[in-house]
K.L.:
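First the structure, then my questions, so here it is.
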Amino acid sequence: MSTDKTAIVQKLFELTAADKWDAVEGYLHRDFQAIVAAAHPYFDVYRGLDGFQRLFRKVFFETYDSFEVEVLEFAEGPTRVVAINEATIKGKKTGRMIKMSLAEVFRFEEGKLLSLTTHYADTKLLTEL
């Protein structure tokens, strides 16, 4: 298994957490998009660096009181990396704290991140928080 794409995903986690968006841009494909399904409270298609930043703000600062992610493992294929995670989330509306598994699928093209999709264990619960 090549670790090039996995290393890029790990670097993106590091850079976004450190608010180093100028560096993030170098890892994004010119057609990058993050696709969030309609069942999510922040559904949309987020394009480019600005879209990625907007999505990050919505998840980590606007929608929930807290949202912490622990990466459990990575799986890498020829064009994708999947991060298997456990999220600890505290709702703004309810103040309730939950743990939920989620998978993030990072798709690469030309050595850069082309798309990101997230798959939560219970999207209904996310909207209720």
Side-chain angles (χ1 to χ4, degrees):
M1 175 180 93
S2 166
T3 58
D4 291 345
K5 291 181 291 304
T6 299
I8 291 171
V9 171
Q10 290 171 317
K11 186 67 174 176
L12 286 167
F13 286 166
E14 177 186 311
L15 293 171
T16 55
D19 203 29
K20 295 184 177 179
W21 292 98
D22 289 342
V24 168
E25 187 170 25
Y27 292 96
L28 301 182
H29 190 278
R30 66 187 167 280
D31 297 325
F32 170 78
Q33 57 184 5
I35 304 158
V36 180
H40 294 76
Y42 37 86
F43 73 93
D44 206 345
V45 176
Y46 300 85
R47 292 183 171 83
L49 179 64
D50 290 340
F52 197 6
Q53 287 176 292
R54 195 164 45 91
L55 173 60
F56 189 86
R57 281 192 309 274
K58 283 184 180 278
V59 173
F60 290 96
F61 300 108
E62 296 172 12
T63 306
Y64 308 104
D65 274 342
S66 67
F67 194 103
E68 297 176 16
V69 178
E70 177 186 358
V71 179
L72 303 176
E73 63 183 286
F74 292 101
E76 184 175 324
T79 61
R80 289 175 178 80
V81 171
V82 177
I84 307 298
N85 307 307
E86 182 172 79
T88 303
I89 308 165
K90 182 177 180 186
K92 270 193 195 289
K93 293 186 279 191
T94 65
R96 187 170 159 209
M97 182 83 75
I98 63 160
K99 286 191 180 237
M100 182 180 298
S101 61
L102 71 112
E104 295 177 290
V105 180
F106 299 83
R107 184 172 159 225
F108 287 82
E109 188 174 288
E110 300 170 357
K112 296 199 173 202
L113 181 60
L114 177 63
S115 67
L116 166 62
T117 55
T118 54
H119 305 274
Y120 290 88
D122 187 344
T123 54
K124 183 178 183 294
L125 183 56
L126 283 178
T127 61
E128 294 171 351
L129 284 178

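These figures come from a predicted structure and were not determined experimentally.
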K.L.:
Given Q53 and L49, is the side chain to side chain contact (heavy atoms under 4.5 Å, CB included) satisfied, shown in steps?
P.N.:
CA-CA 6 Å; Q53 287 176 292; L49 179 64; 3.9 Å; yes
K.L.:
According to a hydrophobic-cluster definition based on side-chain heavy atoms being under 4.5 Å apart (Ile, Leu, Val, Met, Phe, Trp, Tyr only), do L129 and F56 belong together?
P.N.:
yes
K.L.:
How close do V45 and Q33 get, heavy atom to heavy atom, and via which atoms?
P.N.:
CG1-OE1, 3.4 Å
K.L.:
Are there over 12 heavy-atom neighbours, none belonging to K92, within less than 6.0 Å of that residue's NZ?
P.N.:
yes
K.L.:
Measure the spacing between CZ of R107 and CZ of R80 and express it to the nearest 0.5 Å.
P.N.:
5.5 Å
K.L.:
Quick one, I89 with L126, criterion side chain to side chain contact (heavy atoms under 4.5 Å, CB included). Give me CA distance, side-chain angles, the key distance, then yes/no.
P.N.:
CA-CA 9 Å; I89 308 165; L126 283 178; 3.7 Å; yes
K.L.:
Taking everything shown except E25 itself, do over 12 heavy atoms lie less than 6.0 Å from its CD?
P.N.:
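No - once you tally the heavy atoms of other residues, nucleotides and ligands closer than 6.0 Å, there are 12 at most.
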K.L.:
On a heavy-atom basis, which atom in I8 and which in G111 lie closest, and how many Å separate them?
P.N.:
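Closest pair (atom of I8, atom of G111, distance): CD1-O, 3.8 Å.
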K.L.:
Got a second to check how far L28's CG is from D31's CG, nearest 0.5 Å?
P.N.:
11.0 Å
K.L.:
One pair to check against side chain to side chain contact (heavy atoms under 4.5 Å, CB included): L12 and L113. What are the steps and the verdict?
P.N.:
CA-CA 10 Å; L12 286 167; L113 181 60; 3.7 Å; yes
K.L.:
Kindly indicate whether the side chain of L15, heavy atoms from C-beta on, has any atom under 4.5 Å from the side chain of W21.
P.N.:
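In short, these two side chains do not touch, never coming nearer than 4.5 Å.
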K.L.:
Does any non-hydrogen side-chain atom of V105 lie less than 4.5 Å from one of L116?
P.N.:
no
K.L.:
Ion pair present between R54 and D44, side-chain N to carboxylate O less than 4.0 angstrom?
P.N.:
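Result for this pair is yes, salt bridge flagged.
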K.L.:
Looking at K58 and Y46, what are the two nearest heavy atoms and their distance?
P.N.:
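For K58 versus Y46, the nearest heavy atoms are CD-OH, 3.3 Å.
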K.L.:
Are I98 and Y42 connected, step by step, through hydrophobic side chains (Ile, Leu, Val, Met, Phe, Trp, Tyr) whose heavy atoms are closer than 4.5 Å?
P.N.:
yes
K.L.:
Are the side chains of F108 and L114 in contact, using a 4.5 Å heavy-atom criterion?
P.N.:
no
K.L.:
Any chance the side chains of T118 and E104 put a donor and an acceptor closer than 3.5 Å?
P.N.:
no
K.L.:
With heavy-atom distances below 4.5 Å as the criterion, would you say the side chains of V81 and Q10 are in contact?
P.N.:
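Not in contact.
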K.L.:
Do the non-hydrogen side-chain atoms of R57 and L55 ever get within less than 4.5 Å of each other?
P.N.:
no
K.L.:
Begin with the C-alpha distance, continue with both residues' side-chain angles, and end with the deciding distance and a verdict on side chain to side chain contact (heavy atoms under 4.5 Å, CB included) for K112 and Y27.
P.N.:
CA-CA 5 Å; K112 296 199 173 202; Y27 292 96; over 6 Å; no
K.L.:
Which pair of non-hydrogen atoms, one from T127 and one from P41, has the smallest distance, and what is that distance?
P.N.:
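That would be CG2-CD, 3.8 Å.
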K.L.:
Establish whether V71 and I84 are linked, either directly or via other cluster members, by ILVMFWY side-chain heavy-atom contacts under 4.5 Å.
P.N.:
no
K.L.:
When you group the ILVMFWY residues by side-chain heavy-atom contacts below 4.5 Å and let the links chain together, are L102 and M97 in the same group?
P.N.:
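Looking at the clustering, L102 is in a separate group from M97.
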K.L.:
How long is the straight-line distance from OG of S115 back to CD1 of I35, given to the nearest 0.5 Å?
P.N.:
5.5 Å
K.L.:
Is V69 close to E86 at the side-chain level, that is, under 4.5 Å between some pair of heavy atoms?
P.N.:
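Heavy-atom side-chain distance check fails, nothing below 4.5 Å.
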K.L.:
Where is the tightest heavy-atom contact between Y64 and V59, given as atom of each residue plus distance?
P.N.:
CD1-O, 3.3 Å
K.L.:
Kindly give the heavy-atom pair with the smallest separation between E128 and K93, and that separation in Å.
P.N.:
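E128 and K93 have their closest heavy atoms at O-CE, 3.9 Å.
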K.L.:
Is the shortest heavy-atom distance from the side chain of H29 to the side chain of E110 under 4.5 Å?
P.N.:
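SC-SC contact between H29 and E110 confirmed.
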K.L.:
For the hydrophobic clusters of this structure (ILVMFWY residues joined by side-chain heavy atoms under 4.5 Å, transitively), does one cluster hold both Y120 and L125?
P.N.:
yes
K.L.:
I'd like to know whether the aromatic ring centres of F32 and F52 sit less than 6.0 Å apart in this structure.
P.N.:
yes
